[in-house]
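We number each residue from 1, following the sequence as shown.
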Amino acid sequence: MNLSLVFIPIISAFIGWVTNWLAIKLLFHPREQKRFLRVSIQGILPKRQRQFAMKLGKLASAEFFSFNDLEGKIANPENVSKILPLLEVHIDTFLREKLTAQIPMLGMLIGDKTIAQVKAVFMKELEELFPVLMRQYLTVLQADLNIEKIVTEKISNLPLNEIEKTFTSAISAELKIAGVLGAVIGFLIGLFQVFLLLMTQ
């Protein structure tokens with residue numbers, strides 16, 4: 001058997017590994033557009049970062065951050081009941097300390113029973129008013145806070161080296177597997193080529 005045939009699977013395995021490595025590199029490199037033999041070459045992400053950011057911005061505003069979902073959670077009686085005790089503490093402090101400090105005469109006229117009655121009226125009103133106020137606030141916030149635009153701008157302005165570093169560190173194990181798989185597939189293709197050559201001799 002020709003000794004050169006032995007090198008075919010090895011070379012094919014190397015080519016398979018390099019091809020996979022190159023495919024990952026071409027996601028991020030070259031950063032700037034290069035021209036080679038009248039052909040423009042640029043990394044996929046540097047070339048499409050703005051479009052990629054716009055897609056993520058739309059996805060984030062539509063799926064990840066829904067004002068309707070947020071409004072539903074705020075208006076949920078269970079969630080309101082969790083907030084009311086905190087408000088009650090503030091109202092109690094206001095009635096017993098701040099209000100009487102501002103109006104000393106009032107402190108002499110109202111006792112614990114009156115404070116408790118006034119606080120109960122406040123709490124009842126807040127229980128009904130709080131969801132309404134929060135809905136109104138969310139309506140104003142939604143008009144002012146453009147989630148799609150914010151996400152798009154943030155991703156568009158992210159340094160590409162930071163994106164590459166995060167991406168490669170997050171899937172480092174998968175990248176190694178992809179390299180090995182490329183080499184294995186290349187080796188098998190090389191063996192198949194050797195088999196065909198031997199069959200034709």
Side-chain angles (χ1 to χ4, degrees), residues 12-87 126-189:
S12 295
F14 177 73
I15 291 172
W17 178 82
V18 168
T19 301
N20 280 9
W21 175 84
L22 191 60
I24 299 299
K25 284 295 179 184
L26 286 175
L27 287 174
F28 302 97
H29 300 276
R31 298 268 198 258
E32 303 297 331
Q33 191 177 72
K34 308 286 185 184
R35 293 192 67 84
F36 181 72
L37 298 177
R38 296 185 180 181
V39 177
S40 297
I41 300 173
Q42 188 176 12
I44 295 171
L45 193 58
K47 187 176 182 179
R48 303 289 183 186
Q49 186 174 5
R50 182 69 185 178
Q51 292 93 320
F52 179 67
M54 290 171 66
K55 293 285 186 182
L56 282 181
K58 288 181 180 179
L59 183 65
S61 64
E63 302 294 336
F64 299 151
F65 194 92
S66 169
F67 278 96
N68 290 332
D69 292 343
L70 193 58
E71 182 181 323
K73 289 185 179 295
I74 287 173
N76 189 309
E78 289 184 9
N79 293 326
V80 172
S81 66
K82 293 175 184 176
I83 298 170
L84 288 177
L86 299 174
L87 295 173
L126 279 174
E127 188 174 356
E128 298 173 1
L129 188 60
F130 185 78
V132 176
L133 289 175
M134 290 309 297
R135 285 193 188 99
Q136 291 176 351
Y137 173 71
L138 283 175
T139 301
V140 174
L141 186 63
Q142 187 173 8
D144 294 339
L145 191 63
N146 189 329
I147 300 298
E148 181 179 337
K149 183 179 178 181
I150 291 171
V151 173
T152 299
E153 292 302 322
K154 289 284 187 183
I155 295 175
S156 295
N157 295 323
L158 274 177
L160 286 168
N161 61 323
E162 288 296 323
I163 297 176
E164 182 179 7
K165 183 179 177 182
T166 303
F167 176 79
T168 53
S169 64
I171 62 166
S172 58
E174 287 79 4
L175 290 177
K176 290 177 183 177
I177 292 171
V180 171
L181 189 61
V184 169
I185 292 173
F187 185 79
L188 292 175
I189 291 172

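- One finds the CD atom of Gln42 at 9.5 Å from the NZ atom of Lys34 (value rounded to the nearest 0.5 Å).
- Closest approach of Ser156 and Ala53 over heavy atoms only: OG-CB, 3.3 Å.
- Between Thr152 and Arg50 the shortest side-chain heavy-atom distance falls below 4.5 Å.
- To the nearest 0.5 angstrom, Leu87 atom CG is 6.0 Å from Leu126 atom CG.
- The stretch residues 166-189 participates, sequence neighbours left out, in no side chain to side chain donor-acceptor pair (under 3.5 Å) pair at all.
- Residues Ile155 and Gln49 approach most closely at O-NE2, 2.8 Å, considering heavy atoms.
- Rounding to the nearest 0.5 Å places CG of Leu158 at 10.0 Å from CZ of Phe52.
- Heavy-atom neighbours of Glu162 CD from other residues, nucleotides or ligands within 6.0 Å: above the threshold of 12.
- Gln51 and Lys47 make their closest contact through OE1-O, 3.9 Å (heavy atoms, listed as atom of the first residue, atom of the second, distance).
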Name every donor-acceptor pair, under 3.5 Å, that has one atom in a side chain of residues 22-31 and the other anywhere in the protein, sequence neighbours excluded.
from	atom 1	to	atom 2	distance (Å)
His29	NE2	Glu164	OE1	3.1
His29	NE2	Glu164	OE2	3.1
Arg31	NH1	Phe28	O	2.9
Arg31	NH1	Glu164	OE1	3.4
Arg31	NH2	Glu164	OE1	3.0

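- Thr19 OG1 to Ile185 CD1: the interatomic distance, rounded to the nearest 0.5 Å, is 10.5 Å.
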